[in-house]
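Each remark here refers to the structure printed beneath this line.
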Amino acid sequence: MSSPSLKPYTVFIHIEPLEDPASHQASALTAKPGAASARRGLLLRPGFVATALLSLLLLFPSPAVAWNAAGHRITALIAWEKLDQGSKSALAALLRKHPDFERWQARSKDPDADRAAFLEASTWPDDIRRDRRFYTAGRAQPTPTLKGFPDMERRLGWHYVDRPLHRERRSRSSPGVLDRQLTALAKVLCDSKRSDTERAYALPWLIHLVGDAHQPLHAASRNRPNGKDDSGGNAQRIINPFQPKHQSTNLHSYWDDLPGKPWLRDKRLESTVKALTSLYPAAAPAGEPAQWLDESWQLAQRAAYPPGKDAVLTISAQFHASALKIAGRRLGEAGYRLADQLRRLFGKAGERQCST
């Protein structure tokens, strides 16, 4: 699970103007490389986004709660754009039955109500962490159950599964159940005997958790010889020199902060998705949740931790560039795979596949 994220800087790039250049911005994930981009304080002309293949050697990430906000919207929009109209209509009809549908519409400025609901649903499982209608099990008493909800639990353990990086060492069992929930939620959505209320509750969770499964530190923890672990990097302190105002943070928050601004929406979101899908077009088969989590675990093992054994690790330029590239690729993969799974669950009746 991620703790509150710090907010890095934004860098704009000038690649190719769109129709309304004043309303478009590129994410650090899609910024053009070059020697100048490594200079502190770089600011190129704003209002343009990448529309061709771009490298990711950039030292300044955009401010974000990333996979908890902007990153989830990026993944959701990639998926939405890859879905057929029949699947979109079925998804939208179910989301209209979610008890927070009207809240999503009030918050979004998207004129497409169906797309708005889908994008807002992608962040809902994180949004309820700050919603007083909900409670955290083991930390507070249950709050009254409102109409349309099974209960008001925040279900923090659904977001991750901390698998030990050092399998030869003793380790605790992970309290996270991300692996199980990815399968369970898909089964709920494909079960015609389940009520619309149950399925409408499950859908935002599935949209969100597919994204979580692609963040390396949602699938792994570094375990020490004494059996204790760092809770997916939350207990690993780092110094991030590319965030001068708030250099001290933890490694999990650093990874969560990579994709983009937490308020990334509308035309800027569309521009970022366009650039990211150009960088990382769909390639390999979608695979299954177990594969996605194994990929994240392997990335965590070889690339999620800065080198060194100090109690506080420092992010280098080389590490930072690599992390940005990994984050961009994983967001793209999550979007394509989410689209594939939703097509299987919500496509034409004769083509649906309920196995996950």
Side-chain angles (χ1 to χ4, degrees), residues 67-81 83-137 142-159 178 181-213 262 265-266 269 334-335 338-339 341-347 352 354 356:
W67 264 293
N68 292 332
H72 283 292
R73 291 192 198 101
I74 289 169
T75 290
L77 185 55
I78 291 172
W80 185 258
E81 292 182 345
L83 289 169
D84 60 277
Q85 189 55 51
S87 296
K88 288 181 179 179
S89 297
L91 288 161
L94 189 57
L95 288 174
R96 287 177 183 274
K97 297 177 181 179
H98 191 281
D100 274 354
F101 175 79
E102 295 300 333
R103 287 174 177 252
W104 298 338
Q105 294 300 309
R107 186 167 58 186
S108 176
K109 297 179 180 179
D110 193 331
D112 184 335
D114 293 347
R115 182 174 61 183
F118 190 79
L119 296 182
E120 294 300 319
S122 75
T123 67
W124 181 81
D126 277 345
D127 296 337
I128 63 175
R129 299 185 188 201
R130 301 177 295 277
D131 191 327
R132 293 184 179 181
R133 297 175 299 162
F134 297 83
Y135 74 98
T136 301
T143 53
T145 301
L146 302 178
K147 183 179 180 180
F149 294 104
D151 56 47
M152 308 308 288
E153 216 277 284
R154 293 189 175 109
R155 311 192 191 286
L156 301 185
W158 286 17
H159 294 262
L178 174 58
Q181 285 307 315
L182 285 167
T183 299
L185 291 164
K187 287 182 178 179
V188 170
L189 289 167
C190 209
D191 187 349
S192 60
K193 296 180 181 179
R194 296 287 190 138
S195 68
D196 286 345
T197 299
E198 291 176 290
R199 296 174 69 243
Y201 179 80
L203 181 52
W205 275 107
L206 182 66
I207 296 169
H208 183 89
L209 295 185
V210 170
D212 279 349
R265 296 176 183 272
D266 306 321
L269 174 61
L338 175 59
Q341 187 167 54
L342 293 177
R343 277 194 298 268
R344 285 191 278 168
L345 295 172
F346 290 89
R352 292 178 189 171
C354 287
T356 57

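- R155 is linked by a side-chain contact (heavy atoms from CB on, under 4.5 Å) to P150, D151, E153, W158, Y201, W205, counting only residues two or more places apart in sequence or in another chain.
- The two atoms that bring A116 and D110 nearest to each other are CB-CB, 3.7 Å, heavy atoms only.
- Two residues are said to be in side-chain contact when any heavy atoms from C-beta on lie closer than 4.5 Å; D112 and K88 fail this criterion.
- Here CG of L209 is found 7.5 Å from CD of Q181. Values are rounded to the nearest 0.5 Å.
- Q105 contributes a side-chain N or O that, together with a main-chain N or O of A113, makes up a donor-acceptor pair within less than 3.5 Å.
- Remark: L185 CG to E198 CD distance equals 11.5 Å, nearest 0.5 Å.
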Test log, rule side chain to side chain contact (heavy atoms under 4.5 Å, CB included), inputs L119 and L269:
CA-CA 11 Å; L119 296 182; L269 174 61; 3.9 Å; yes

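- Nearest heavy atoms, V210 versus A334: CG1-O, 3.8 Å.
- When the side-chain contact (heavy atoms from CB on, under 4.5 Å) test is applied to S89, the partners found at least two apart in sequence or on another chain are Q85.
- In this structure, CG on D114 lies 8.5 Å from CG on L95, to the nearest 0.5 angstrom.
- Contact of the T123 side chain with the R73 side chain is registered, since non-hydrogen atoms from C-beta on lie closer than 4.5 Å.
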Passes side chain to side chain contact (heavy atoms under 4.5 Å, CB included), L206 versus V188? Steps please.
CA-CA 10 Å; L206 182 66; V188 170; over 6 Å; no

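- Results of the side-chain hydrogen bond (donor to acceptor under 3.5 Å, both in side chains) test with D196 over K97, R96, H98 single out K97 as the only residue that passes.
- Within the 4.5 Å cutoff, the side chain of R194 has no heavy atoms near those of the L189 side chain.
- In this structure, the side chains of P204 and W104 come closer than 4.5 Å at one or more pairs of heavy atoms.
- A 4.5 Å side-chain heavy-atom check between H159 and D126 finds at least one atom pair inside the cut-off.
- Listed here is the closest heavy atom pair of L182 and A213: CD1-CB, 3.9 Å.
- Take R107 and apply the side-chain hydrogen bond (donor to acceptor under 3.5 Å, both in side chains) test, not counting sequence neighbours, and it matches E120, D127.
- Of the possible donor and acceptor atoms, one in the side chain of R154 sits under 3.5 Å from a partner among the backbone N and O of F134.
- Ring-plane geometry between W124 and F149 is classed as parallel, the angle between the planes falling under 30 degrees on a 0 to 90 degree scale with a further cut at 60.
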Working note: L146 + M152, criterion side chain to side chain contact (heavy atoms under 4.5 Å, CB included); need CA distance, chi angles, decisive distance, verdict.
CA-CA 8 Å; L146 302 178; M152 308 308 288; 3.9 Å; yes

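- Contact between S122 and A76 at its shortest, heavy atoms only, is CB-CB, 3.6 Å.
- If you take OG1 on T136 and CZ on R129, they are separated by 9.0 Å, rounding to the nearest 0.5 Å.
- Looking only at side-chain heavy atoms (C-beta outward), R115 and L77 come within less than 4.5 Å of each other.
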Stepwise side chain to side chain contact (heavy atoms under 4.5 Å, CB included) check, L94 with F346
CA-CA 10 Å; L94 189 57; F346 290 89; 3.9 Å; yes

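- With D84 contributing its side chain and S87 its backbone, the two residues share a donor-acceptor pair below 3.5 Å.
- The structure places NZ of K187 at 10.5 Å from CG of D191, a figure rounded to the nearest 0.5 Å.
- With values rounded to the nearest 0.5 angstrom, R343 atom CZ is found 9.5 Å from L338 atom CG.
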